[in-house]
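One structure is given below, encoded as structure tokens.
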Number of protein chains: 2
Amino acid sequence: MAALKQKISEKTVERLSVYRRHLKELQKKGKTRVYSHELAQIVAGTPAQVRRDLMQVGGNGCSSKGYEINLLSDEISELLDYPEKQNVALIGVGNLGRALLGFFSGSRENFDIVATFDNDPDKCGRIICGRRCYNADQLKKIVGEKKISTAILAVPAEAAENAVKDLIDAGVKAILNFAPKHITTNSNVFIQTIDMTMALEKAIYFSHKNTYAKESQHERNRKNYQSTF
Amino acid sequence: MAALKQKISEKTVERLSVYRRHLKELQKKGKTRVYSHELAQIVAGTPAQVRRDLMQVGGNGCSSKGYEINLLSDEISELLDYPEKQNVALIGVGNLGRALLGFFSGSRENFDIVATFDNDPDKCGRIICGRRCYNADQLKKIVGEKKISTAILAVPAEAAENAVKDLIDAGVKAILNFAPKHITTNSNVFIQTIDMTMALEKAIYFSHKNTYAKESQHERNRKNYQSTF
DNA sequence: TAGATTGTTAATCGATTAACAATC
DNA sequence: TAGATTGTTAATCGATTAACAATC
């Protein structure tokens with residue numbers, strides 16, 4: 001009965017990713033069912049929000065018994081992932097790039113970093129953290145050959161804009177940008193900037209403001225949970 | 001005439017940080033004035049949104065002439081920053097932690113990473129990237145001594161929850177969390193999680209959806225700009 | 001002056017939450 | 001059965017955008 005193939009908002013996609021990771025942890029612990037209010041705590045949201053999100057992936061909850069963890073996890077994966085593992089490229093193999101390579105390695109079911117690129121001749125041709133490093137001028141060729149859909153950008157701010165142009169030209173469809181530079185495009189390529197400098201400045205700003213919008217929300221939710229359960 | 005000391009939303013704080021960084025780039029280029037529609041492009045927003053944000057920092061724009069860059073930059077700094085440089089700690093000196101240390105180093109005017117912590121005995125006592133690495137059990141002592149307000153958390157997911165507890169106990173007021181684990185608190189401490197795994201999964205999801213909510217917004221704005229200017 | 005941009009209010013939009021019948 | 005939770009609609013909330021008088 002669930003509304004199907006409806007367009008899913010960015011916020012919902014984000015939360016689904018977080019739910020899924022938590023569901024996998026619960027699986028490891030041997031749990032089989034979970035309630036909307038339990039998932040709500042994970043994302044500091046409300047049970048209603050969780051149920052609304054889960055409606056979009058099938059809404060196979062059971063009154064009074066909650067959601068079946070295995071089923072829900074699979075359904076989220078069906079929605080978020082693709083039948084084939086997605087190939088990802090890393091652009092920029094400096095300190096941050098190598099750290100990200102390590103971070104995103106390991107047993108990932110849905111994606112794989114299959115190539116890295118840099119314009120430092122010392123790095124090109126070498127194997128870095130298990131991946132071949134190519135010269136930046138090989139981008140278009142390798143992206144095509146390896147069917148790379150998504151790129152992680154870890155270059156200095158000054159180089160980000162041109163790197164984005166090259167990536168779009170090479171046929172990449174999404175970019176996760178770690179350079180502290182917001183870049184827009186008129187193509188259909190999805191660009192997600194993780195602005196770590198902004199995030200730290202924001203954290204420092206709120207370090208001395210005891211009340212802030214989101215917090216009061218957290219508080220309310222938390223108190224509701226505590227009083228209810 | 002601007003509304004002063006109004007509570008500023010998280011979103012506005014984020015954009016102010018981005019505006020300021022762009023203003024500093026413009027300063028370097030020798031520009032002296034900027035229009036709301038120019039700043040709008042940077043954050044993929046509308047001129048109205050920029051003006052609304054800037055109202056909250058003083059609204060010293062000048063009809064037809066835009067905003068004076070030096071003044072605006074100073075006003076944003078007055079709002080976002082504190083009179084004293086803020087001391088920041090880094091928790092977890094693995095690959096990611098060291099990369100972040102490098103990323104956040106350099107000429108930062110408003111904050112300084114003054115200490116790092118790890119529970120690996122090999123790292124403790126050493127100087128890593130120019131900062132003394134302390135054992136995790138020194139946290140409370142050093143946070144107090146150095147008046148550390150904010151911490152960057154770069155530990156494995158399994159260690160994140162306890163680390164947050166320890167940080168809050170030690171008196172830290174804001175945490176920038178890079179562990180792929182969402183943590184809530186009933187204290188007034190601000191926790192900002194940068195969930196890189198979620199971000200990549202989201203990027204991959206949207207890599208194959210040609211239209212997504214934010215993009216259509218970008219598109220509209222972009223077209224408005226192009227037709228207007 | 002004419003044209004463009006600002007500050008600010010009102011209107012709109014989208015996301016979140018409340019509410020509740022259905023159901024286990 | 002009684003109590004709790006779900007799916008879903010309606011109400012609310014907050015953020016964004018449109019509109020426009022004031023002004024350079």
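In what follows, every chain begins at residue 1, and chains take the letters A, B, ... in the order their sequences are listed.
A:Asp53 comes within 4.0 angstrom of nothing in the nucleic acid, heavy atoms only.
The side chain of B:Arg15 contributes an N or O atom lying less than 4.0 Å from OP1 or OP2 of D:dT16. Phosphate proximity of D:dC24 to B:Tyr67: absent, as no side-chain N or O sits under 4.0 Å from OP1 or OP2. Under 4.0 angstrom from either OP1 or OP2 of D:dT6 there lies at least one side-chain N or O belonging to A:Ser36. Between C:dT17 and A:Thr46, a contact under 4.0 Å exists linking OP1 or OP2 to a side-chain N or O. Taking only side-chain nitrogens and oxygens, B:Arg52 never comes nearer than 4.0 Å to OP1 or OP2 of C:dA10. A:Tyr35 has no side-chain polar atom (N or O) that falls below the 4.0 Å cut-off from OP1 or OP2 of C:dC24.
By the 30° and 60° cut-offs, the orientation of the rings of A:His208 relative to B:Tyr82 is tilted.
Ion pairing of B:Glu201 with A:Arg20 is present here, as a side-chain N (NZ or NE/NH1/NH2) and a carboxylate O approach within less than 4.0 Å.
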Just distance, no hydrogens or angles: give the donor-acceptor pairs under 3.5 Å from side chains in residues 153-170 of chain B, sequence neighbours left out.
none

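Going from atom NZ of B:Lys11 over to atom C1' of C:dC13 covers 14 Å, rounded to whole Å. For the pair A:Glu10 CD and C:dT16 P, the computed distance is 12 Å after rounding to whole Å. Whole-Å rounding puts the A:Leu39 CG to C:dT17 P distance at 15 Å. Protein atom CG of B:Leu54 is 15 Å distant from nucleotide atom P of C:dT5, rounded to whole Å. Per the geometry, CZ belonging to B:Arg33 stands 12 Å off P belonging to D:dC24, to the nearest Å. Atom CE of A:Met55 and atom C1' of C:dA22 are 14 Å apart (whole Å). Rounding to whole angstrom units, CG of residue B:Asn60 and P of C:dT8 are separated by 10 Å. Following rounding to the nearest Å, B:Arg51 (CZ) and C:dT6 (P) show an atom-to-atom distance of 6 Å.
In this structure the side chain of A:Phe190 never reaches within 4.5 angstrom of the side chain of B:Lys209, judged on heavy atoms.
Judged by distance alone with a 3.5 Å cut-off, a donor-acceptor contact links the side chain of B:Ser64 to the base of C:dG3.
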Nucleotide-level pairing of DNA chain D, given in dot-bracket where Watson-Crick and G-U pairs need both distances under 3.5 Å and | marks other strands = ..||||||||||||||||||||||
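When the nucleotides C:dT16, D:dC24, D:dT17 are ranked by their closest atom to the side chain of A:Gln49, C:dT16 comes out on top.
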